[in-house]
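Scope of the values below: all heavy atoms of this structure, side chains included, with no hydrogens, waters or symmetry mates. Below, read A as the first sequence line, B as the second, and so on, with proteins coming before strands; counting in each chain starts at 1.
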Amino acid sequence: MTQSCADSLIVLDFETTGLSPDMGDRAIEIGAVRLEKGLVVDRFQALMNPGKRVSGFIENYTGITNRMLSQAAPCDEVMEQFANFMGDSNLVAHNASFDKRFLDAELGRIARYYNGNFACSLLLARRIYQQAPNHKLGSLIAYKNIPSDGGFHRALFDSEMTAKLWMTMLNDISLMITAQEVSFSLIQKLAKTPKNNVQKLLQAQ
DNA sequence: TGCCAGGCCCTCTTTAGGGCCTT
């Protein structure tokens, strides 16, 4: 069975100075992998200098220090490169609303835009892994016994783990339906379906 | 200096409140 929605996808993750670009927070690292037919075929990773110091909390949380950022290229330079990398591919992130806010904010600063659609691995996991203890990325990786060395909270590592989780979810969904492929539109529909209607939706495929 | 958000989703709901996720 094919998994067409993975034919060309960018799975991305930002590390940032905080939670809200509307409150002045900036991206400090972008990591992404390109998935084609279920395989990682390309990677992107870069630190970026946000032009402000990051808090001790962020240094501890990510391991990214002010010293490291002082030697990094500025955000606009890195985001220009990343915009070229992702093109108009569809996009996936864990808690996509968070990464989309920062992607939109950073690209807006350099007047670059994209036409891809976002899908959220968190929303999908809440539908198909309703018995998981919680739906944090690290917890889901452990729940599905996906090999990991535990180095979470760096952008490329988290995007690689999200990509593995994504492929695992597509495989699990493909086992629940009779259709020949798991389409991107089905994934987006699933992520918006009330939990108690998930089985009905899958059985209709 | 210290602090900050927003979308989703559940329920003891919908004229609301609070937990889960992301950094």
Side-chain angles (χ1 to χ4, degrees), chain A residues 10-33 44-69 72 75 78-79 82 86 91-109 116-144 146 148 150-166 168-169 187-201:
Chain A
I10 299 289
V11 184
L12 65 91
D13 182 67
F14 277 106
E15 304 304 320
T16 70
T17 64
L19 295 173
S20 174
D22 291 340
M23 299 294 291
D25 288 316
R26 300 294 305 273
I28 58 173
E29 187 182 40
I30 174 77
V33 298
F44 186 101
Q45 184 277 329
L47 291 172
M48 55 188 119
N49 188 335
K52 59 189 280 189
R53 291 184 63 80
V54 301
S55 67
F57 172 80
I58 293 297
E59 285 191 321
N60 290 330
Y61 187 78
T62 64
I64 299 170
T65 65
N66 283 293
R67 183 188 180 96
M68 292 162 67
L69 293 175
C75 293
V78 171
M79 291 308 299
F82 183 70
M86 72 172 181
L91 306 164
V92 171
H94 199 69
N95 199 10
S97 67
F98 174 85
D99 292 281
K100 184 177 187 302
R101 281 199 302 277
F102 278 94
L103 182 66
D104 291 347
E106 294 295 346
L107 289 182
R109 286 172 173 268
N117 293 308
F118 255 103
C120 178
S121 55
L122 167 64
L123 295 184
L124 187 59
R126 280 178 174 164
R127 299 305 188 283
I128 68 171
Y129 300 143
Q130 296 183 24
Q131 306 307 315
N134 62 63
H135 299 87
K136 295 177 184 176
L137 178 59
S139 300
L140 289 166
I141 293 297
Y143 179 69
K144 294 304 295 181
I146 297 170
S148 159
F152 291 97
H153 307 309
R154 286 299 298 268
L156 182 58
F157 184 87
D158 283 2
S159 64
E160 300 250 20
M161 290 299 105
T162 301
K164 289 182 179 179
L165 174 65
W166 184 255
T168 300
M169 290 195 291
I187 293 297
Q188 291 185 307
K189 193 183 300 182
L190 260 176
K192 293 179 180 176
T193 298
K195 285 182 180 178
N196 54 6
N197 288 342
V198 167
Q199 285 302 322
K200 187 184 298 183
L201 174 62

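Interatomic distance, CD1 of A:Ile141 versus NZ of A:Lys136, reported as 14.5 Å (0.5 Å rounding).
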Using distance only, find each side-chain donor-acceptor pair of residues 17-25 of chain A under 3.5 Å and give its atom names and separation, not counting sequence neighbours.
| residue | atom | partner | partner atom | Å |
| --- | --- | --- | --- | --- |
| A:Thr17 | OG1 | A:Asp25 | OD1 | 2.9 |
| A:Thr17 | OG1 | A:Arg26 | N | 3.0 |
| A:Ser20 | OG | A:Asp22 | N | 3.3 |
| A:Ser20 | OG | A:Met23 | N | 3.3 |
| A:Asp25 | OD2 | A:Leu19 | N | 3.1 |
| A:Asp25 | OD2 | A:Ser20 | N | 3.0 |

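Both A:Ser20 and A:Thr17 lie near DNA chain B, and the one whose nearest nucleotide falls closer to the 5' end is A:Ser20.
Heavy atoms only, all atoms of each residue included: A:Phe102 and A:Ala27 are closest at CD2-N, 4.2 Å. In plain terms, the two heavy atoms of A:Leu69 and A:Met48 that are nearest each other are CD2-O, 3.4 Å.
Rounded to an integer number of Å, the gap from CG of A:Leu123 to P of B:dC10 is 11 Å. Here B:dC4 presents its C1' atom at 13 Å from CD1 of A:Ile58, a figure rounded to the nearest Å. Taking atom CZ of A:Phe152 as the reference point, atom P of B:dT23 lies 11 Å away to the nearest angstrom. Here the P atom of nucleotide B:dG7 and the CG atom of A:Asp104 are 12 Å apart, to the nearest Å. If you take CZ of A:Phe57 and C1' of B:dG2, they are 15 Å apart, rounded to a whole angstrom.
Nearest nucleotide to the side chain of A:Thr62, out of B:dG7, B:dC10, B:dT23: B:dT23. Closest to the A:Asp22 side chain, of the nucleotides B:dT23, B:dC4, B:dG6, is B:dG6.
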Show me the protein contacts with nucleotides 19-22 of chain B, counting only N or O atoms at under 3.5 Å.
| residue | atom | partner | partner atom | Å |
| --- | --- | --- | --- | --- |
| B:dC20 | O2 | A:Arg126 | NH2 | 3.4 |
| B:dC21 | OP1 | A:His135 | N | 2.5 |
| B:dC21 | OP1 | A:His135 | ND1 | 3.3 |
| B:dC21 | O2 | A:Asn95 | ND2 | 2.8 |
| B:dT22 | OP1 | A:Leu137 | N | 2.9 |
| B:dT22 | O4' | A:Asn95 | ND2 | 2.9 |

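Every residue two or more places apart in sequence or in another chain that forms a ring-ring contact (aromatic ring centres under 6.0 Å, His included) with A:Phe152 is listed here: A:Phe157.
Residue contacts for A:Ala191: at a heavy-atom cut-off of 4.0 Å it reaches the sugar-phosphate backbone alone, with no base atom in range.
Between B:dT13 and B:dG18, the two P atoms lie 13 Å apart (nearest whole Å). Between B:dG6 and B:dG2, the two P atoms lie 23 Å apart (nearest whole Å). Nucleotides B:dG17 and B:dT1 place their C1' atoms 31 Å apart, quoted to the nearest Å.
Screening A:Ile28, A:Ile64, A:Thr65, A:Thr16 for a side chain to side chain contact (heavy atoms under 4.5 Å, CB included) involving A:Ile58 leaves a single residue, A:Ile28. The one candidate from A:Lys164, A:Arg126, A:His94, A:Met169 that meets the side chain to side chain contact (heavy atoms under 4.5 Å, CB included) condition with A:Leu140 is A:His94.
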